[in-house]
Amino acid sequence: MMSKNNTNGRNQFAMLTIDDLVPKDHLVRKIDAALDFNFIYPIVEATYSDLGRPSVDPVILIKLVFIQYLFGIRSMRQTIKEVDTNVAYRWFLGYSFEEKIPHFSTFGKNYVRRFRETTLFEDIFAYILEQAVKAGFVTEDNLYLDSTHIKANANKHKFTKEMTHDEAKAYQDELEDEINRQRIEAGKRPFTLDLEKEVKLKERKISKTDPESGYYVKGEREKQFAYSAHTSCDDNGFVLSTIVTPGNIHDSQVAFQLVKQSKSLFPGIKRVVADAGYKTPKFVHFLTHLNLHPCLPYTRTKGKKGLLSKNEFLYDEYYDCYICPKDQMLDFSTVTREGYREYKSNPKECVNCPLLKTCTESKNHQRVITRHVWGDLMDEVEHLRLTDLNKAVYKKRKETIERIFADAKEKHGMRWTKYRGLEKVATHTMLVFAAMNLKKLATWL
């Protein structure tokens, strides 16, 4: 039998409190029980004057931001509209039905006038993480690294092309010292740095809308102006540290600083887990220097298709040479400026070799194989990769750092940013991760 509902319920009077209308298992109840927001008052106290009219409670301002990021609301204007009609949000703020919600521009004005020059947002992130540590939810054994791009609020077709200096390569001084040390041992003259020749200019696309963003180019993905959020987390998916850069900065450049930040906060870290983008001799040497075990994936050797790969040549550590499949030696020749030791075959022996056509295409019938000056460390990485422990730990990437990025983009509005400028995007990113840590902390508690 079909029934029809009337609308008389709209005019019903009832003796209820806001607390009665909020479900007992609602996320805002869990967050309110897990975190005392009064920790914000001493942080911002110095930014307020003792004179003048009473301001909007700073805790209310921060709670409004958390509502926006926790529930993936696209803007503060829309957040205020949602709070106006959502009983649970009003309960979280401590507002009655009659109280007027602050104007959407209130937080923006306070950010510019009060919070911009402070460490408020870093302190909020750190405090939430500290509560997770005290609760015993944060582990220290494994550190997972990765980065994700955030689409900038900029038209990818509006740009200028400028010649800019190439970024200084991270850990370059240590590499140059090792190169010169090995050249001296081999009886070669050490390299000297010629500043006029070494400084390289590179043509870059600079956005007219947001010049601080970077032109992001990676494989078959859409080319666009973007920022990159370089992030680390633990086994349980708590974000430990994040660094935001323009989208054209490579992961391996930022990884050194990211590991240092995480290691200073959690000295008990033993392993660093990352994808193939971080598998560079510099980064591996850096981790070894900090007594951290790298957990990195398999990468295919580079080379022309159809020719014998480097893996088919055996390296003899005692004699410091390579041995080809036909048992001929490739002797050490020199150390290049880029940090590679060159091993060359004897053309007189190679000219009559039956594998010549599949070995080299050089006119002088000589095969050259390069090995990084820190090649022994890369060999150790390959050995560790095959251990059961590293295999098990590396599989957790999809459950930790990759899931964090997926949730941040799908549920918390981090796929793109409406802000312009590195400082604002970094603040936005840190608050998203703080909200995600808070959500996990509240749920687990």
Side-chain angles (χ1 to χ4, degrees), residues 125 128-150 218 228-243 250-252 254-280 283-284 286-288 290-300 377-378 380-412 414-415 429-430 432-445:
F125 178 88
I128 293 172
L129 185 60
E130 182 183 355
Q131 303 312 304
V133 172
K134 288 180 178 179
F137 295 151
V138 178
T139 63
E140 290 194 27
D141 285 346
N142 304 313
L143 182 71
Y144 298 84
L145 304 183
D146 207 349
S147 71
T148 187
H149 73 280
I150 306 168
K218 188 173 183 180
S228 289
H230 306 267
T231 309
S232 66
C233 76
D234 74 332
D235 280 310
N236 291 329
F238 282 93
V239 177
L240 306 182
S241 181
T242 184
I243 299 173
H250 194 268
D251 296 353
S252 59
V254 189
F256 301 90
Q257 184 182 351
L258 190 61
V259 171
K260 285 180 180 178
Q261 281 188 6
S262 304
K263 182 70 173 175
S264 64
L265 294 172
F266 302 95
I269 294 171
K270 299 175 183 175
R271 282 171 292 277
V272 174
V273 190
D275 63 15
Y278 297 86
K279 194 175 181 180
T280 64
F283 187 56
V284 171
F286 167 75
L287 295 180
T288 306
L290 295 179
N291 294 319
L292 295 173
H293 297 286
C295 185
L296 304 170
Y298 167 78
T299 51
R300 291 181 296 177
L377 296 179
M378 300 304 291
E380 181 63 19
V381 168
E382 288 301 308
H383 170 71
L384 291 173
R385 180 180 64 82
L386 299 174
T387 62
D388 292 337
L389 177 60
N390 272 33
K391 287 180 180 179
V393 171
Y394 189 78
K395 284 183 179 179
K396 290 184 179 180
R397 283 190 69 255
K398 61 179 180 292
E399 303 169 8
T400 53
I401 192 69
E402 291 183 2
R403 180 174 291 175
I404 286 172
F405 290 153
D407 287 347
K409 291 187 174 185
E410 291 295 321
K411 301 177 182 178
H412 301 282
M414 211 179 79
R415 189 172 296 280
T429 305
M430 181 162 289
V432 168
F433 287 142
M436 293 177 67
N437 281 351
L438 177 57
K439 182 179 179 180
K440 187 184 290 287
L441 171 66
T443 304
W444 286 17
L445 283 173

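Heads up: numbering here begins at 1 and tracks the sequence.
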Taking the side chain as everything from C-beta on, heavy atoms only, tell me whether [X] gets closer than 4.5 Å to [Y].
X      : Y      : answer
Leu240 : Leu129 : yes
Lys263 : Leu292 : yes
Tyr144 : Asp235 : yes
Tyr394 : Arg385 : no
Leu389 : Arg271 : yes
Val272 : Tyr278 : no
Lys409 : His149 : yes

From [X] [atom1] over to [Y] [atom2], what is the distance, rounded to the nearest 0.5 angstrom?
X      : Y      : atom1 : atom2 : answer
Leu384 : Asn390 : CG    : CG    : 5.5 Å
Arg397 : Asp275 : CZ    : CG    : 4.5 Å
Met414 : Ile150 : CE    : CD1   : 4.5 Å
Ser228 : His250 : OG    : NE2   : 10.0 Å
Gln131 : Phe137 : CD    : CZ    : 11.5 Å
Lys218 : Asp251 : NZ    : CG    : 6.0 Å

List the atom of [X], the atom of [Y], and the distance in Å for their closest heavy-atom pair.
X      : Y      : result
Leu441 : Ala135 : CD1-CB, 4.4 Å
Ala408 : Met436 : CB-SD, 3.7 Å
Cys233 : Thr400 : SG-CB, 3.8 Å
Ile401 : Thr231 : CD1-O, 3.8 Å
Phe405 : Thr148 : CD2-CG2, 3.5 Å
Ala274 : Leu296 : O-CD2, 3.6 Å

Query raised in the report: Do NZ/NE/NH1/NH2 and the carboxylate oxygens of Lys279 and Glu382 come within less than 4.0 Å?
Result: yes
Query raised in the report: Taking NZ, NE, NH1 and NH2 as the nitrogens, is one of them in Lys270 or Glu140 under 4.0 Å from a carboxylate oxygen of the other?
Result: no
Report task. Return the set of residues passing side-chain contact (heavy atoms from CB on, under 4.5 Å) with Ala406 (not counting sequence neighbours), or none when no residue passes. Result -> none
Query raised in the report: With Ser241, which of Gln257, Lys260, Gln261, His230 fulfils side-chain hydrogen bond (donor to acceptor under 3.5 Å, both in side chains)?
Result: Gln261
Requested in this report: Indicate yes or no for a side-chain donor-acceptor contact from Thr443 to the backbone of Lys440 under 3.5 Å, with no hydrogens or angles considered.
Outcome: no
**Report entry** Under 3.5 Å: donor-acceptor pair, side chain of Asn437, backbone of Phe238
**Finding:** no
Query - For Phe286, all residues meeting ring pair (Phe, Tyr, Trp, His ring centres under 6.0 Å), sequence neighbours excluded - result: Tyr171, Phe256
Report task. Assess the side chains of Ser232 and Ser262: does a donor N or O sit below 3.5 Å from an acceptor N or O? Result -> yes
Query raised in the report: Around Lys411, counting heavy atoms of other residues, nucleotides and ligands shown, do more than 12 lie under 6.0 Å from its NZ?
Result: no
Requested in this report: Sort out for me which residue in Asp141, Val133, Leu143, Asp234 forms a side chain to side chain contact (heavy atoms under 4.5 Å, CB included) with Phe266.
Outcome: Val133
